[in-house]
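Accompanying notes for the structure given below.
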Amino acid sequence: MWRFESTHERADSQYLDQMMAKLEVDPHLFKHAESILDAVAHQEPLIAQSFKTPQDVRYHAEGPFMRDHLRLMLMVLFAITEEKMHLVDIEEFRRMKGYEGEIQELEDVIKEQIAFFQVFTLCHDVAKWVSVTFSSKPGSRGEQLGFNTPREHHFDEAAHERVNKLAQYLDLYDQFSRREFRGTDRETQAQFHLRYGIQVHYPHHARKISAPVFESLLTRLCHAHGLSDRDRAMLEDLIVHHMEFGFDFKVVRPQRIRRYTHIAFKRGYDADDFIDLVQACLFLDLCVGSPRLSPHGYWHESASLVNFFQSEHDFAPHRRVEKDALREAHEKKERNRILREVGLDGMAMMDVLDMESGPEFGLALRRIHAGLFGQGEMPSFGKRIDVQIESRAGEYYKKMFEKGE
């Protein structure tokens, strides 16, 4: 689905890292996300438990536990809906000349399906808690403490051993954060990794959403958020495959698009709509929800989404041309509908200008529409007429703003 019109006037672009640094300290976004997490934790013990899942700083430097990851995803989701973040203003995407339509469409998809992406956020990693295993760098303190999960403990039969080791990890981290190092959550997470060299893994966690206990959880959350059975089916497929999204597009790989068109065909989804959802999930989970730590600070990975866009185009260039043409036709149709509603179409303006159809009127109408669309100066026809046009233009902008919201 497209929104077709955007009320956003492009601002100076910012690199994703700069934009995220501002959003992450926004107190309103933080409180909004925390309120959602608190509410769902109260209703769903499985999700409350998952919040305590330890995170590996190599891939999730946003904080020591999974709650930090989910909070950040929700903050970005709300920043987009509240017009505090626009994807076309991200420099890494602004550089993609000719892809403006796809980038705007991705933002629109997120805005139109807030509940859908809230459920994805809450459920996509919920099975990590029951999947946690550990490894440690050779010679590290973590190795000395036994944080190396034997391969046979990766399977469900060894769940008890994994739970015990997870409890030991959480106790060790708690002692470290209270007695050995006191900094921000991010600083403590990084220092703990340096001190102990423990790495965290979650083998096959994505596919465990299909286990009965997590299937039931997903169904309850979909019902609570007013999502359809079709939405629920797509969410399960997206969660099952979400770990593959970034890997598939580490580089431009047009042939990887076939994986997602095949899933859509097999499940009866529209392929274009499904790929839009995959891209939105990739953006929220990997690009903005999983900052990395380097010697120069925290950074966000945007290359996979850029590669995804380019892969989609190279896989079937004609489909992009068709989508652009369809988008343009819908935009024109929607714009003309609103022009008729507010009395700025040709028939209404002939009455206002007291003119007959012809070249002179056609030129006047084109000049009015050019001024309305920001493509030129609004012409003047005298005070009485100018007031009417200005009033109708105000109604036009109001309707387009409400549509954009």
Side-chain angles (χ1 to χ4, degrees), residues 20-57 59-82 84-85 110-111 113-132 166 169-170 173-174 177 184-189 200 202 205-206 208-209 213-227 231-232 235-236 238-239 242 280-291 298 300:
M20 288 300 300
K22 292 181 180 179
L23 293 180
E24 288 170 11
V25 296
D26 185 308
H28 170 71
L29 295 176
F30 183 91
K31 290 177 182 177
H32 191 177
E34 280 289 292
S35 68
I36 297 295
L37 295 176
D38 287 341
V40 75
H42 180 72
Q43 295 293 328
E44 295 290 350
L46 274 176
I47 289 184
Q49 188 179 53
S50 75
F51 289 168
K52 299 179 288 184
T53 304
Q55 298 204 125
D56 193 317
V57 73
Y59 307 108
H60 285 281
E62 63 272 15
F65 302 107
M66 199 175 83
R67 183 177 182 123
D68 301 300
H69 175 53
L70 305 188
R71 183 197 306 116
L72 188 53
M73 290 176 66
L74 289 175
M75 288 175 69
V76 171
L77 182 60
F78 299 142
I80 291 174
T81 62
E82 295 176 18
K84 292 181 177 181
M85 180 185 208
I110 294 172
K111 287 179 176 177
Q113 303 197 52
I114 305 303
F116 184 95
F117 292 111
Q118 279 194 36
V119 175
F120 172 81
T121 297
L122 295 169
C123 289
H124 75 290
D125 281 342
V126 69
K128 277 185 171 181
W129 173 258
V130 298
S131 308
V132 173
L166 175 57
Y169 178 95
L170 295 175
Y173 191 90
D174 181 63
S177 64
T184 65
D185 287 344
R186 284 185 171 183
E187 292 168 345
T188 305
Q189 180 191 23
V200 191
Y202 323 94
H205 79 275
K208 291 180 181 176
I209 193 65
V213 64
F214 295 119
E215 277 194 327
S216 298
L217 170 67
L218 180 59
T219 299
R220 290 196 300 274
L221 283 182
C222 285
H223 288 167
H225 285 78
L227 300 180
D231 289 333
R232 190 227 170 277
L235 275 166
E236 183 167 347
L238 290 165
I239 292 170
H242 81 272
C281 291
L282 173 62
F283 172 74
L284 291 169
D285 182 25
L286 183 61
C287 297
V288 297
S290 305
Y298 295 92
H300 294 78

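Counting from 1, the numbers follow the sequence of the chain as shown.
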| Partners passing side-chain contact (heavy atoms from CB on, under 4.5 Å) against Ala224 (at least two apart in sequence or in another chain) | none

| remark: With sequence neighbours left out, the residues meeting side-chain contact (heavy atoms from CB on, under 4.5 Å) with Phe51 are Leu37, Val40, Ala41, Ile47, Arg67, Leu70

| request: Could you tell me the separation between the CG atom of Leu227 and the CZ atom of Phe116, rounded to the nearest 0.5 Å? | output: 7.5 Å

| Closest contact, heavy atoms only, Leu284 versus Met73 | O-CG, 3.3 Å

| Leu218 side chain near Arg232 side chain, heavy-atom distance below 4.5 Å | yes

| request: Under the ring pair (Phe, Tyr, Trp, His ring centres under 6.0 Å) rule, collect the residues that match up with Phe283, sequence neighbours excluded. | output: none

| field | Distance (rounded to the nearest 0.5 Å) between His242 NE2 and Cys123 SG | value | 11.5 Å

| said: Could you measure the distance from the CD atom of Glu24 to the CE atom of Met75? Nearest 0.5 Å is fine. | reply: 7.0 Å

| said: A side-chain contact here means heavy atoms from C-beta on lying under 4.5 Å apart; do Gln118 and Leu221 qualify? | reply: no

| query | Using 30° and 60° as the class limits, which term best fits the ring planes of Phe78 and His32: parallel, tilted or perpendicular? | reply | parallel

| query | Is any side-chain heavy atom of Pro291 less than 4.5 Å from a side-chain heavy atom of Leu72? | reply | yes

| task | Mind checking the CG-OG1 spacing from Leu170 to Thr53? Nearest 0.5 Å is all I need. | result | 8.5 Å

| said: According to ring pair (Phe, Tyr, Trp, His ring centres under 6.0 Å), who are the partners of His60, at least two apart in sequence or on a separate chain? | reply: His69

| request: Measure across Asp285 and His124 and return the closest heavy-atom pair with its distance rounded to 0.1 Å. | output: OD1-NE2, 3.3 Å

| query | Quick one: does Leu46's side chain get under 4.5 Å of Trp129's, heavy atoms only? | reply | no

| query | Any donor and acceptor pair, going by atom type alone, linking the side chain of Glu236 with main-chain N or O of Ile209 inside 3.5 Å? | reply | no

| Between Tyr173 and Pro64, is any pair of side-chain heavy atoms under 4.5 Å apart? | yes

| said: Does Tyr298 form a side-chain contact (heavy atoms from CB on, under 4.5 Å) with Arg186? I'd like the steps, not just the answer. | reply: CA-CA 10 Å; Tyr298 295 92; Arg186 284 185 171 183; 3.2 Å; yes

| field | Validation row: Met66, Lys52 side chains within 4.5 angstrom (heavy atoms) | value | no

| message | Can you confirm whether Phe117 sits close enough to Ile80 that some side-chain heavy atom of one is under 4.5 Å from a side-chain heavy atom of the other? | response | no

| message | Whether the side chain of Asp68 engages the backbone of Phe65 through a donor-acceptor N/O pair (distance < 3.5 Å, no angle test) should be reported. | response | yes

| OG of Ser290 to CD of Gln55: how many Å apart, nearest 0.5 Å? | 7.5 Å

| field | Minimum side-chain heavy-atom gap Ser50-Leu122 below 4.5 Å | value | no

| query | Which residues satisfy the side-chain contact (heavy atoms from CB on, under 4.5 Å) test with Ala79, sequence neighbours excluded? | reply | Leu23, Leu29, Lys84, Met85

| message | Among residues at least two apart in sequence or on other chains, which ones pass side-chain contact (heavy atoms from CB on, under 4.5 Å) with Ser131? | response | Tyr202, His205, Lys208

| OG1-CD distance between Thr81 and Gln113, expressed to the nearest 0.5 angstrom | 13.5 Å

